[in-house]
Amino acid sequence: MAVTAFAAARIRNLFAVVILSGIFSLLAAVLYVTLNAVDVAFTEAAVGAGISTLLMLATLSLTSEEEKARFNVKIIPLLIVIATGAVLIYGTFDMPAFGDPNAPAQVHVAPRYILESGKEIGVPNIVTSVLASYRGYDTFGEVVVIFTAAIGVLILLGRGHDRWRPGMRSNVISEQNEEEV
Amino acid sequence: MELFGLLNYWLVIVLMMIGFYIVIAQGNLVKKMVGLSIFQVSVFVFYISVGRVAGGTAPILADGIEVFSNPLPHVLILTAIVVGVATTALGLAMIVRIRDSFGTIEDDEILAIEKGEDDK
């Protein structure tokens, strides 16, 4: 996974970069399966690897496929990144060990969901019952976010062919993008 | 075992830093979006790692299974993935619009054009 991400950082052909990000998402999905998060893996494979890659390809077809050639590694961003990474790694030494059943994240509200949701909701998949029932308002908020994003995309790319826009150079506006959102 | 226990978090940090580097160091806007999504995935992996319980299975109730992974991070990340795609779509739409206006998707060229317009 890290190798794919690194390659995506270095390769200059944007088409290859986008395909690599798709591969990266699929690898992430595999990782989620090994970490027992099957629902998340489904979503990542369908949405992350599928729709994201499609959207990016659509964008590429409307813009350019090659990145402008430029100088190699920039020093200051690299230093910032290394410093931040070092601080974060220092932070991990205080984390509970991987898979520890008594870590703070596991003992608060999750046991209640695991013990009671089967009785209260009647859906064997705990993730589903939490998502749709206990945290239903959050999921509703998610839908609102998607709706807002869709409106934003429509405003930005809408069918305003007859509308004058400052500095407009191309009339090619995608109707593809609208369908995919 | 102690060190192995932190390996996942370190993978997360490496990925996060690669994404961070792409966002701040690369000039191409589409590439910045790819970097942003790599950064996002690293956060997702972090949450899922936190929710992992040793010896647990996927959080689906079935006979004879006693230990489950924590379902709560899974729910959060499900939501986050979908929201992430929504923001990606919005960002890409902005890129298309920027290309309409400036004819380029490299940030230094855009800055140069804007500077040129200011000088006039």
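Chain A is the first sequence line, chain B the second, and so forth, proteins listed ahead of strands; every chain is numbered from 1. In this text, all values refer to a predicted model and were calculated from it rather than measured experimentally.
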How long is the span from the [atom1] atom in [X] to the [atom2] atom in [Y], to the nearest 0.5 Å?
X	Y	atom1	atom2	answer
A:Thr84	B:Phe20	OG1	CZ	5.0 Å
B:Met33	B:Gln40	CE	CD	8.0 Å
A:Ser52	A:Glu44	OG	CD	8.0 Å
B:Phe44	B:Ser49	CZ	OG	13.0 Å

Check your understanding: So if you build clusters from Ile, Leu, Val, Met, Phe, Trp, Tyr with side-chain heavy-atom gaps below 4.5 Å, do B:Ile95 and B:Ile24 land together?
Key ->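 Cluster IDs for B:Ile95 and B:Ile24 match.
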Point to revise | chain B contacts, top residue of A:Ile82, A:Ile89, A:Val145 (heavy-atom pairs, under 4.5 Å) | key: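 Looking at each of A:Ile82, A:Ile89, A:Val145 in turn, A:Ile89 comes out on top.
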**Study point:** Option that, when pairs with chain A are counted at under 4.5 Å, heavy atom only, ranks first among B:Val12, B:Ile77, B:Val83
**Key:**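 Looking at each option in turn, the highest pair count goes to B:Val83.
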Practice item. Determine the option with the most heavy-atom pairs under 4.5 angstrom with chain A, choosing from B:Val30, B:Leu29, B:Ile98. Key: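 Highest number of heavy-atom pairs under 4.5 Å: B:Val30.
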Check your understanding: Which bit of A:Thr139 comes within less than 4.5 Å of chain B, counting heavy atoms only: side chain, backbone, both or neither?
Key ->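 Neither part.
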Exercise for review: With a 4.5 angstrom heavy-atom cut-off, could you sort out which part of A:Thr53 is near chain B: side chain, backbone, both or neither?
Suggested key: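 Neither part.
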**Study point:** A:Ile76 atom CD1, over 12 foreign heavy atoms within 6.0 Å
**Key:**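 Incorrect, the count does not exceed 12.
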Under 4.5 Å from any heavy atom of chain A - which part of [X]:
X	result
B:Thr88	side chain
B:Phe39	neither
B:Leu90	both

